[in-house]
Amino acid sequence: MSKNYIVGFPRIGEQRELKRVLEEFWAKKCSFEMVTKVASELKKRHWEYQRDAGAEFISSNDFSLYDNMLDTSVMLGAIPKRFANLVGEELYFAMARGNASSVAMEMTKWFNTNYHYIVPELSLDDEYLLNASKIVDEYNEAKTLGIKTKINIIGPITYLGLSKRADGGDVYELWGKILPIYEELLKAISRLDERITVQIDEPIFVKELDIKVLSLIKPTYDRLCAVSPNIKIAVVTYFEHSNEATKVLVHTPIWALGLDFLYGEENLKSLDIIAMSGKELIAGVVDGRNIWRCDIEKSVELLRDISNFVSKDRILISSSCSLLHIPFTIKYEEKMSGEIKEWLSFALEKLSEISLISKIFFEGECSLDEAQKSSLVNNRDANIKRRNSTLIHNKAVQERVNSHSKLQRDGDAKERLKLQREIFRYEDLVTTTIGSFPQTPELRRARSDFKAALISSDEYESEIKKYIDECVLFQEECGLEVLVHGEPERNDMVEYFGEQLNGYGFSQNGWVQSYGSRCVKPPFIYGDISRPRPMTIDWIAYAQSKTNKIMKGMLTGPVTILNWSFVRDDMPRGEVSKQIAVALSDEIDDLQRAGIKIIQVDEAAFKEGYPLRRAKIKIYEAWATRDFKIAVSSAKKETQIHTHMCYSEFNDIINTIEDMDADVISIETARSGNELLKIFKKVGYTKEVGPGVYDIHSPRIPSVEEIVKQIELLLEVLPKEQLWINPDCGLKTRKWEEVKPSLKNMVKAVKIVRAKLNV
Ligand code: GLN
Ligand code: ZN
């Protein structure tokens, strides 16, 4: 007997086939039939992979042409009015991506992952209507192939919790309208087969829920379970523990409960009540969010602990969450060192791990045949080798990091800013940009040609320098006051640093879906991090040599580097981040020695690393702040430290921002006027702030008047002495034709405002 349960599987395709066909379709280079054809092939292949790996519970409806939350909105008929005249794929992709007449629906992060979902827009006067066709079709598609699936759906409480009300008001007011549609859906599902399993994902249960939401759980699941006796319902949660919800769910007629025992170890505390309830337990014991090869014996050990409470025959073995969040397979990795490759396991490899764990757990080691035995031996060897590898452990780094005693900069911000302003003599409302300038096709080509050794390093260097020259020249002509070099040498703000740090690895094909057809390929940290040589000094010093104005140096901060990488699992994240911080503090010291007076340390992903539970948030904030401060601790009082964050909602984290002690912070506020700046005033923030004065996400060029207005709004909140004027974020995704006039308008606007204020 083996009971393997796969929560969900990646859908983009091992060669990103889905991405390719979608983008061709959007570019009108192929038909929608072509998209459906590729999608069918992918689904088939993915089901077969899972079946061949011995999975007993394989999902349908975990596939999606864009996003599962969007699919759920379509299933419920929750279509915003502006799309009312559309149908079929035209409607679907317009909701996701917008069209000529309507803006797309909002997109936001799925819990603390880097996957983005389409935020449902609901309102009380909506009429909901079931559309079960995708779910029914996908089930039948698998059935025709001889594969009986469980059906995955996103649960009503999570769906509502992640929605927004177009008409204002509480999303849960719509519970009474949504639930009947879910009941109808289950009715439709019950007609598909004699016995059917439905997996209802309720990841919202891992958050701290208020009593109003908690009180919806029992009526929801009592009603859904009552729809049809031939449906078995499994409620699945992940990314954290869901102990509060578990207490309620055990008193509903659901068949099984899926829990994450890796990121929600506290779920262990619920084992006794689960045991008493007699429900099946889907035990997430293989890491679905990270890329390391599982330690099979450790997982079996964990399962044995679990089976001290819940009897073995009620346990199903699973990954901690859907495998959507990791790359497809390591089998196409040709460039990676053999030693490191041995340590990794992507989605396909995790399937075999789950099946091996299940064989050992259920059948016992002795009954294994030779083949299984050897893969266990393999697994054990790989894990021992990884633990002892010299690639991972670097004594010198460990000693240096442990003994690093400078935990913050000298002096307080007030004193530092006074000193800096005496030296720099910048005016109030000083203008700057966030760092990057347009990434042109020539630039991309130069970088890739250099990587492929098609051009020499001299040729490459002169290409980059040419860009810097032009970039500096433009900024001077435009009248910007604090300049940047434009980041032409960087493909990505994390990868660029990862490539130069020891302890970092890269895959060729490790793509993970971020949203729709967009994928990211996060680098991975496998070992102790150190900086063998300076990473940015040459470019930035060169740029400084081209101007008499201040050239701002540009680095990515420790927390962002960490949050946008896969991180080693043999060390707490905070320790890894501290190693990065120490390496960055050396870089900052080198920059200031090279004559760079202002250094920006970007923490674009600081907020997205926030844990889901309050108790863990405190711990995260403590080490994340500590490590930002360590990174900048080498900066002298005269060196001005900036940071940049890509969002504007600071209400919950303003104290943490204060603690980070940056002299200047630039943030994204253009789309919200001055609303979100108010918190800085409220807490009496005294350092300097650069709230974005125009949105860089769209190609439109802001007018002078509009920017003047925006600056005046900002001045209602903070005094001119405290404000910097800059765009919302980096300009790398824009074209020069957009950037040039926009920045010229920004500088003009500042002149107008200064004249009005008599600066
Ligand atoms: N310095 C980076 C840039 O300008 C910051 C990017 C970001 O915040 N995402 O591109
Ligand atoms: Zn940004």
Side-chain angles (χ1 to χ4, degrees), residues 409 416-417 419-427 429-440 443 461-490 493 496-497 500 533-557 584-603 631-632 634-644 662-666 688 690 724-727 729-732 736 739-740 743-744 746-747 750:
R409 301 178 63 191
R416 291 193 310 257
L417 275 161
L419 180 65
Q420 292 158 11
R421 290 192 77 139
E422 275 163 24
I423 304 170
F424 304 152
R425 304 207 157 275
Y426 52 74
E427 288 183 60
L429 306 177
V430 51
T431 53
T432 191
T433 60
I434 304 303
S436 59
F437 270 76
Q439 289 269 329
T440 57
L443 211 48
E461 206 180 298
S462 69
E463 275 292 317
I464 299 290
K465 285 186 170 165
K466 200 173 97 203
Y467 183 100
I468 293 177
D469 292 348
E470 286 165 12
C471 189
V472 170
L473 193 65
F474 164 71
Q475 293 174 79
E476 286 196 326
E477 281 169 7
C478 172
L480 284 156
E481 291 148 320
V482 171
L483 310 195
V484 297
H485 77 298
E487 303 181 24
E489 76 287 15
R490 302 183 193 177
M493 63 190 285
Y496 178 77
F497 291 93
Q500 302 188 73
R533 62 191 71 83
M535 304 183 281
T536 61
I537 316 299
D538 287 350
W539 300 126
I540 292 170
Y542 173 77
Q544 180 66 83
S545 76
K546 290 285 167 173
T547 180
N548 293 325
K549 294 195 168 175
I550 300 175
M551 178 58 58
K552 178 164 68 166
M554 207 52 67
L555 301 174
T556 303
L584 287 171
S585 77
D586 291 341
E587 184 75 11
I588 289 180
D589 197 26
D590 284 341
L591 278 169
Q592 67 189 358
R593 281 171 203 277
I596 303 304
K597 300 186 168 60
I598 300 186
I599 301 165
Q600 179 173 311
V601 182
D602 288 326
E603 283 293 16
V632 300
S634 56
K636 295 180 295 185
K637 285 185 193 171
E638 300 86 324
T639 303
Q640 188 170 71
I641 294 292
H642 290 214
T643 188
H644 165 70
D663 301 312
V664 183
I665 180 171
S666 60
E688 300 184 3
W724 283 64
I725 302 300
N726 45 256
C729 191
L731 303 166
K732 68 174 170 212
W736 276 110
V739 163
K740 286 187 175 175
L743 288 176
K744 283 183 186 159
M746 185 180 92
V747 172
V750 170

Rounded distance (nearest 0.5 Å) linking atom [atom1] of [X] with atom [atom2] of [Y]:
{"X": "Ile665", "Y": "Gln600", "atom1": "CD1", "atom2": "CD", "answer": "10.0 Å"}
{"X": "Asp469", "Y": "His485", "atom1": "CG", "atom2": "NE2", "answer": "12.5 Å"}
{"X": "Leu555", "Y": "Ile540", "atom1": "CG", "atom2": "CD1", "answer": "6.5 Å"}
{"X": "Ile599", "Y": "Ser634", "atom1": "CD1", "atom2": "OG", "answer": "7.5 Å"}
{"X": "Asp538", "Y": "Arg533", "atom1": "CG", "atom2": "CZ", "answer": "11.0 Å"}
{"X": "Arg416", "Y": "Leu419", "atom1": "CZ", "atom2": "CG", "answer": "10.0 Å"}

Do [X] and [Y] come close enough that some side-chain heavy atom pair is under 4.5 Å?
{"X": "His644", "Y": "Glu603", "result": "no"}
{"X": "Ile464", "Y": "Leu443", "result": "yes"}
{"X": "Glu487", "Y": "Tyr467", "result": "no"}
{"X": "Trp736", "Y": "Leu731", "result": "no"}
{"X": "Met554", "Y": "Arg490", "result": "yes"}
{"X": "Lys732", "Y": "Phe437", "result": "no"}
{"X": "Ile641", "Y": "Val632", "result": "yes"}
{"X": "Asp602", "Y": "Thr643", "result": "no"}

(Q) For Trp724 and His642, take the angle between the two ring planes, folded into 0 to 90°, and tell me which bin it lands in: parallel under 30, tilted 30 to 60, perpendicular over 60. (A)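 The rings of Trp724 and His642 stand perpendicular, inter-plane angle above 60°.
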
Nearest atoms (heavy-atom pairs only) where [X] meets [Y]:
{"X": "Arg421", "Y": "Glu688", "value": "NH1-OE2, 3.0 Å"}
{"X": "Ile468", "Y": "Trp539", "value": "CD1-O, 4.0 Å"}
{"X": "Leu584", "Y": "Thr556", "value": "CD1-O, 3.3 Å"}
{"X": "Val747", "Y": "Cys478", "value": "CG1-O, 3.5 Å"}
{"X": "Ile725", "Y": "Met746", "value": "O-CE, 3.6 Å"}
{"X": "Ser666", "Y": "Ile434", "value": "OG-CD1, 3.4 Å"}

Q.
Checking Glu481 against Thr432 for the side chain to side chain donor-acceptor pair (under 3.5 Å) test, could you report, in this order, the C-alpha distance in whole Å, the side-chain angles of both residues, the deciding distance, and whether it holds?
A. CA-CA 6 Å; Glu481 291 148 320; Thr432 191; over 6 Å; no

**Q.** Pair Asp663 + Arg409: basic N to acidic O under 4.0 Å
**A.** yes

Q | Salt-bridge present (Glu489, Lys465; N to O < 4.0 Å) | A |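 The answer is no: the pair does not qualify as a salt bridge.
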
Expected output: side-chain [X] to main-chain [Y] donor-acceptor under 3.5 Å:
{"X": "Asn726", "Y": "Gly690", "answer": "yes"}
{"X": "Gln475", "Y": "Cys471", "answer": "yes"}
{"X": "Lys549", "Y": "Leu480", "answer": "yes"}

Q. Between Ile537 and Glu587, does a side-chain contact (heavy atoms from CB on, under 4.5 Å) hold up when you go through it step by step?
A. CA-CA 8 Å; Ile537 316 299; Glu587 184 75 11; 3.5 Å; yes

Q. So is Lys597 actually on top of Phe424's ring, under 6.0 Å and inside 45° of the axis?
A. no

(Q) Applying side chain to side chain donor-acceptor pair (under 3.5 Å) to Tyr426 and Gln640, what does each step give before you reach the verdict? (A) CA-CA 12 Å; Tyr426 52 74; Gln640 188 170 71; 2.9 Å; yes

(Q) Evaluate Ile550 against Leu483 for side-chain contact (heavy atoms from CB on, under 4.5 Å), listing each step before the verdict. (A) CA-CA 6 Å; Ile550 300 175; Leu483 310 195; over 6 Å; no

Q: Determine, stepwise, if the pair Thr536 / Leu591 fulfils side-chain contact (heavy atoms from CB on, under 4.5 Å).
A: CA-CA 8 Å; Thr536 61; Leu591 278 169; 3.8 Å; yes

